[in-house]
Structures are given as structure tokens and as C-alpha cells.
2 protein chains.
Amino acid sequence: MVDKQQHKVPEPTLKRLPVYLHYLKRAYERGILTISAPQIGKELNCDPTQVVKDLATTGVKGRPRVGYSVHELIQAIEGFLGFDLPNEAFLVGAGNLGTALMSYPDFKSYGINIVAAFDSDASRIGRSSSGVNIIHMDKLPELAQRLKVRIAILTTPAGVAQEVAEHLVECGIAAIWNLTPTRLNLPEKIVVQNTSMYANVAVMLKKLKDTESDNS
Amino acid sequence: MVDKQQHKVPEPTLKRLPVYLHYLKRAYERGILTISAPQIGKELNCDPTQVVKDLATTGVKGRPRVGYSVHELIQAIEGFLGFDLPNEAFLVGAGNLGTALMSYPDFKSYGINIVAAFDSDASRIGRSSSGVNIIHMDKLPELAQRLKVRIAILTTPAGVAQEVAEHLVECGIAAIWNLTPTRLNLPEKIVVQNTSMYANVAVMLKKLKDTESDNS
DNA sequence: TAGATTGTTAATCGATTAACAATC
DNA sequence: TAGATTGTTAATCGATTAACAATC
């Protein structure tokens with residue numbers, strides 16, 4: 001067994017890379033061609049040695065006293081995360097959040113290409129303001145097979161999330177980005193990425209509470 | 001100095017508590033009055049001893065061989081996270097994501113009460129479909145002061161996020177839930193909670209890539 | 001009593017931070 | 001050469017997991 005799965009990148013690093021990418025793109029637009037880890041750290045207020053380590057995971061090389069080529073970094077991060085390939089995805093559940101994600105400005109440059117949206121509510125069928133076709137759930141199995149789509153963004157109501165997710169797996173979906181508060185029970189091999197809005201609210205409220213009690 | 005800031009709860013625990021809460025509420029609706037940590041762990045596929053530890057942070061007591069009172073747990077988690085108090089928040093940036101959050105089904109039971117939304121685009125002023133008033137940014141300073149709102153949800157375009165955030169701080173906002181990909185540079189004392197959609201996409205794509213290369 | 005589960009303490013694991021050598 | 005920054009190895013820190021006693 002060849003150890004192709006190079007040294008397993010820590011999840012926190014994975015989450016920081018898109019943050020660097022966003023910042024680097026803005027810097028590049030402003031004509032900055034070269035940048036050092038301490039500069040990035042100052043701007044994003046994070047530890048410079050952590051920046052060095054994070055960037056090293058993408059395989060890019062920097063030059064002491066100079067830093068990194070901004071362009072090379074952008075390419076390296078995009079390639080490493082797979083943002084340069086068209087990762088076609090279905091959006092399932094064309095409610096408010098789903099519709100918002102359809103018109104998310106630059107998903108395409110962040111690795112996700114929403115090729116179609118699905119809903120079981122007939123009144124939502126049609127074309128979204130952002131140009132994504134909203135199709136009835138009934139047609140998902142056939143389209144998934146034909147287009148070989150492997151990624152689904154789940155934005156249904158929480159109550160039906162489990163049931164819909166099971167259906168998606170039957171249709172050959174390999175990865176689900178779960179934006180519902182429901183925790184899905186699916187086969188091991190399915191990649192599930194949970195994004196809970198409430199989790200973030202909880203952390204924020206707690207921190208706020210703590211800072212407020214400091215002043216007492 | 002009294003150590004009121006009890007033992008500092010780890011952030012991962014803070015993020016899991018709303019997940020438990022959601023599950024417990026559903027269980028309570030189904031008439032389940034008592035539940036054990038192993039049961040919760042099985043349902044949410046996470047480690048039962050971690051569930052025990054997480055729940056202990058809220059101060060609730062369980063009974064060996066029986067488990068916890070579901071009702072008590074719900075109360076304890078809500079109280080601990082501050083979900084039981086009305087945490088009034090402004091939503092800033094009434095674009096697609098902002099509008100989606102306005103109609104998010106049960107933010108109110110998860111600690112956040114959006115009392116008003118703001119935008120600088122005149123065409124968006126009015127009342128949202130979910131009943132939230134969308135007001136011009138010009139009126140934010142006065143309203144923030146009058147209503148003593150301390151929390152802002154930032155859903156502006158990334159390009160203006162820093163500038164708007166600074167303005168919010170001037171208006172007395174103490175905590176910002178930042179849903180833009182921009183990393184904000186603000187005074188230390190301001191609580192900033194970053195929620196980047198792209199971070200989650202990155203983790204999912206990478207995991208998918210890894211599982212796929214396993215089969216080769 | 002027996003057995004399951006809580007609750008707590010200890011061991012492990014992994015990520016962050018610090019230290020320092022290499023290098024441009 | 002001098003000094004800043006990369007790159008790597010070691011130390012620290014914190015969270016998860018394991019072990020086990022307490023208890024119902």
C-alpha cells in the first residue's frame with residue numbers, strides 16, 4: 001500500500017486554507033506579487049509560524065527573506081483543495097437557505113458548481129433568479145446517474161433531512177454538505193460535512209456572556 | 001478576583017451542545033422523558049463518554065442506570081448557552097444570505113432574535129417576506145443606541161465587510177457573527193464569530209478526494 | 001445483588017506554539 | 001555580511017479517549 005494519502009492534513013488547516021486563498025486573491029488584485037507569512041499573519045491576525053506550516057501542506061516553496069509568490073500560492077491552494085476542478089453538485093431543498101446558496105457569488109471559484117437544484121414542492125419548480133434550474137425531486141435519480149454527480153448540498157427542512165439523505169445515497173451521491181441541524185446516520189463511506197448555524201451562534205453568545213461577566 | 005468564569009468550556013463542546021439540544025427537543029416531542037448518554041451517542045454517532053462530559057459542563061445531573069431527564073437537559077443547555085434569554089440582534093446586509101437568515105425557522109429558540117435588518121441599497125428597504133423590517137444603514141446608529149442591541153449578523157458583500165464592521169463597533173455592537181469570507185480586524189474586546197461557507201466546502205472536497213484515492 | 005450508567009481521574013492523541021537551524 | 005524569513009524539529013497545550021470507582 002503506497003502512502004499516497006500524504007501525512008493527513010489537519011482539519012483546522014483545511015479550514016484556514018480558503019481564508020488565505022480569499023486574502024491572497026484580493027492581494028493579487030491589488031498588484032501584490034510576493035508575500036511573507038508574517039505579513040499574512042498580521043493581516044488575518046493569526047500566528048505566522050502557523051501560516052508557514054499551513055502553506056507547507058500545499059507543497060509550495062517560499063524563499064527566506066522574500067516570502068512566497070502570491071500567484072504560486074493561489075494556484076497551490078486551489079490545486080490542493082481541488083478548487084481548480086469543476087466539482088459538480090446538486091442542491092437539494094430550494095427553500096430560503098438553498099436559494100441563497102444558489103446565488104452565492106463565487107462558489108465556482110471555491111470548488112463548487114451547482115448544476116441543478118431539487119425540491120418536492122411543485123410551486124418551486126422552475127428557474128431561480130440566479131439561473132439555476134429547480135427540478136422536482138422525482139427526477140433526481142435519473143439525473144444523478146446521467147450527470148454522474150457525486151456531491152449534494154442538503155438544505156431541506158430538518159424533519160426530512162435523514163430520509164432525503166438516504167435517498168441521495170441510493171442515487172449514488174458520495175458526499176453531502178449538510179446544512180440542516182439534523183445529524184445524519186449514513187453508511188461509513190459517505191462523506192458528510194455538517195455546517196450548523198446554531199453551533200456558531202452558541203459559541204458567539206457564550207463568548208459574549210464571558211466578556212460581559214469580566215467587567216463586573 | 002472570583003473565578004466566575006467556570007473552568008472555561010472547550011469550543012468543540014460549545015459547538016456540540018446545540019446538536020444535543022436539537023436532538024433532545026425532537027425526542028421530547030416524541031414523548032421520551034429520560035435518556036442516557038450511550039443512547040444519545042448512538043443516535044448522533046459520537047462517543048458516549050464525550051456526551052457525558054459535554055453534558056456535565058451544563059451542570060445537569062444524571063442518574064446511573066437511568067440517564068438524564070430530557071426536560072432538565074433541554075432547560076440546562078438552553079440556560080447555559082443563553083438561548084433562554086432574548087438576545088436581540090441586527091442583521092446587516094439584506095442580500096440573499098441575509099434574507100435567508102431572516103426567515104430561518106427557529107433562530108428564536110436558538111438564542112437569536114433578529115429585531116431589524118439593514119442595507120444601504122434603497123431598493124431593499126421595506127419589510128421582508130418573513131416580517132423583518134429592512135431599514136437603511138443610516139438609521140443604524142440611532143436604533144442601536146435606542147434598542148441597546150449588542151449583536152450583529154454580518155451578511156454584506158465581502159468587499160465592504162471590514163468597513164461596515166468598524167462602523168458597527170462605533171455604534172456599540174459588542175459581538176459580530178461574520179458570515180463573509182473577510183477576516184475582520186477589530187479591537188480585542190469585540191467578539192467575532194467567523195462562519196465561512198468555503199471552509200466547510202474545503203473540508204468536504206478534501207475528504208471526498210481522499211476516500212476516492214483509497215479505492216485506487 | 002448484579003449490571004448499567006454516571007462522573008471523575010489518568011493516558012493518549014493531535015494541534016499549536018516555541019525554538020532554532022538553514023538560506024536567501 | 002547581517003538580518004529576516006523559511007522550514008523543521010521539539011515542547012507545550014488542550015481535547016479526546018480510556019479506565020475505573022461510585023451509585024442507582
Side-chain angles (χ1 to χ4, degrees), chain A residues 5-17 19-20 24 27 32-73 76-77 80 183 194 199 202-203 206-207 210, chain B residues 5-17 19-20 24 27 32-73 76-77 80 183 194 199 202-203 206-207 210:
Chain A
Q5 210 163 323
Q6 66 284 359
H7 305 305
K8 181 154 172 356
V9 179
E11 193 164 312
T13 297
L14 243 30
K15 288 193 170 178
R16 283 187 297 262
L17 287 174
V19 178
Y20 301 141
L24 291 165
I32 295 169
L33 297 178
T34 213
I35 201 163
S36 73
Q39 271 176 283
I40 296 173
K42 203 163 290 168
E43 206 66 38
L44 264 37
N45 45 268
C46 53
D47 187 63
T49 80
Q50 184 162 74
V51 176
V52 171
K53 247 193 172 172
D54 286 345
L55 297 182
T57 62
T58 68
V60 84
K61 296 284 169 202
R63 279 161 54 191
R65 237 186 107 68
V66 180
Y68 305 83
S69 151
V70 174
H71 184 252
E72 257 182 59
L73 273 183
I77 296 174
F80 181 76
R183 274 304 177 277
N194 296 306
V203 176
K206 194 68 189 168
K207 282 188 197 158
D210 287 350
Chain B
Q5 208 161 325
Q6 66 284 1
H7 306 303
K8 182 154 174 353
V9 179
E11 194 165 309
T13 297
L14 244 30
K15 288 192 169 176
R16 283 189 296 265
L17 287 174
V19 178
Y20 301 142
L24 290 165
I32 296 169
L33 296 178
T34 213
I35 201 164
S36 74
Q39 272 177 282
I40 296 174
K42 202 162 293 172
E43 205 66 37
L44 265 34
N45 44 269
C46 54
D47 187 64
T49 78
Q50 184 162 72
V51 175
V52 171
K53 248 198 173 169
D54 285 344
L55 297 181
T57 61
T58 68
V60 85
K61 297 283 170 204
R63 278 162 54 188
R65 239 185 104 68
V66 181
Y68 304 85
S69 149
V70 174
H71 185 252
E72 256 183 60
L73 273 183
I77 297 175
F80 181 75
R183 275 302 179 277
N194 295 306
V203 176
K206 193 70 188 163
K207 280 189 200 160
D210 288 351

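Each chain gets a letter, A, B and so on, in the order its sequence line appears, and its residues count up from 1. Everything numeric here is computed off the predicted structure, so don't read it as measured data.
Every residue two or more places apart in sequence or in another chain that forms a side chain to side chain contact (heavy atoms under 4.5 Å, CB included) with Val51(B) is listed here: Tyr20(B), Ala37(B), Ile40(B), Cys46(B), Leu55(B). Partners of Leu33(B) according to the side chain to side chain contact (heavy atoms under 4.5 Å, CB included) rule, which considers only residues two or more places apart in sequence or in another chain, are Tyr28(B). The side chain to side chain contact (heavy atoms under 4.5 Å, CB included) search around Ser69(B) returns His71(B), Glu72(B), not counting sequence neighbours. By the side-chain hydrogen bond (donor to acceptor under 3.5 Å, both in side chains) test, Ser36(B) pairs with Gln39(B), sequence neighbours left out.
Looking at heavy-atom distances under 4.0 Å, Lys53(B) makes contact with a base. Using a 4.0 Å heavy-atom distance criterion, Pro38(A) is classed as a sugar-phosphate-only contact. Residue contacts for Arg65(A): at a heavy-atom cut-off of 4.0 Å it reaches a base atom on one of the strands shown.
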### Message
In dot-bracket form, 5' to 3', how is DNA chain D paired? Count Watson-Crick and G-U wobble pairs only if both distances fall under 3.5 Å, and write | where the partner sits on another strand.
### Response
..||||||||||||||||||||||
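The residue among Glu11(A) and Arg63(A) whose nearest nucleotide of DNA chain C lies closer to the 5′ end is Glu11(A).
Running 5' to 3' along DNA chain C, contacts with non-hydrogen atoms of chain A at under 4.0 Å begin and end at dA15(C) to dC24(C).
Contact check for Asn194(B) versus Arg183(B): side-chain heavy atoms found under the 4.5 Å cut-off.
Rounded to the nearest 0.5 Å, atoms OG1 (Thr13(B)) and CG (Asp54(B)) are 4.0 Å apart. With values rounded to the nearest 0.5 angstrom, Thr34(A) atom OG1 is found 7.5 Å from Arg63(A) atom CZ.
In this structure, the side chain of Lys206(B) engages the main chain of Phe80(A) through a donor-acceptor pair within 3.5 Å.
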